[in-house]
Amino acid sequence: MELVLFFLFGLVAVGGSIMVVTRRNPISSAMYLILTLFAVAALFVLRHAHFIAVIQVIVYAGAVVVLFVFVIMLLNVAESKLPMEKPTFLRGLGVVAAGLLMLEGAVAGSRGLERVEAVDVGSVEAVGKALFTEYLLPFELTSVLLLAAIVGAIVLARRKF
């Protein structure tokens with residue numbers, strides 16, 4: 001049953017991802033992004049990483065996508081104003097490479113589903129310990145990048161007014 005749910009939510013996540021990048025209406029893309037993030041959260045629940053699933057829903061599906069929707073509405077991007085892009089050989093090659101990567105991930109995920117003990121991966125203690133020991137430098141670099149992005153957004157916004 002767990003394997004069936006894993007593949008079901010995986011298909012929902014992949015399908016939602018494809019819909020995010022193929023929709024011409026940005027609000028529709030944002031809604032499919034929310035669907036994709038909920039499907040990924042369900043995958044985390046299936047892997048017994050409940051804390052990461054909750055963080056996935058609160059931070060990404062809640063805060064980040066709502067911010068996307070506000071920015072889209074603030075910029076007033078209409079569907080007809082978006083430029084029409086033509087398919088090229090490189091884009092087709094990218095789609096084929098992405099498909100092969102997803103297939104490889106599905107095969108690797110199905111093999112590792114029975115072997116990996118995921119009991120201590122997604123708990124609050126495990127995430128906190130890994131974040132502040134093994135991944136302290138990437139965590140701090142991410143905070144500096146986010147600060148630079150915030151300062152850049154403020155500078156760009158001030159020039160327009």
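For the single chain, residues carry numbers from 1 onward in sequence order. Just so you know, these numbers come straight off a predicted model, no measurement behind them.
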Hphob cluster co-occupancy, L33 + I27, side-chain heavy atoms under 4.5 angstrom: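 Same cluster.
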Side-chain hydrophobic cluster, 4.5 Å single linkage: members besides V96: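 Taking Ile, Leu, Val, Met, Phe, Trp and Tyr as members, V96 shares its hydrophobic cluster with L100.
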Apart from Y135 itself, residues in the same hydrophobic cluster as defined by side-chain heavy atoms under 4.5 Å: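 Under the 4.5 Å side-chain rule, Y135 groups with nothing.
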Partner set under side chain to side chain contact (heavy atoms under 4.5 Å, CB included) for [X], not counting sequence neighbours:
X    : result
E134 : none
L141 : L137
L131 : F139
L136 : F132, E140

Step-by-step side-chain contact (heavy atoms from CB on, under 4.5 Å) determination, V69 to M31: CA-CA 9 Å; V69 171; M31 295 300 124; 4.1 Å; yes
More than 12 heavy atoms of other groups within 6.0 Å of F51 CZ: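 It does: F51 CZ has more than 12 such atoms within range.
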Side chain proximity check, I52 to R47, heavy atoms < 4.5 angstrom: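 No, too far: nothing below the 4.5 Å cut-off.
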Smallest separation among heavy atoms of S29 and R23, with atom names: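 For S29 versus R23, the nearest heavy atoms are OG-CB, 3.4 Å.
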Minimum heavy-atom distance between T22 and I18, given as atom pair plus value: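 Taking every non-hydrogen atom into account, OG1-O, 2.8 Å.
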I55 CD1 to H50 NE2 distance, which is reported to the nearest 0.5 Å: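 I55 CD1 to H50 NE2: 14.0 Å, rounded to 0.5 Å.
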What donor-acceptor contacts under 3.5 angstrom involve side-chain atoms of residues 34-46, with partners at least two apart or in another chain?
{"residue": "T36", "atom": "OG1", "partner": "S17", "partner atom": "N", "Å": "3.2"}
{"residue": "T36", "atom": "OG1", "partner": "Y32", "partner atom": "O", "Å": "2.9"}

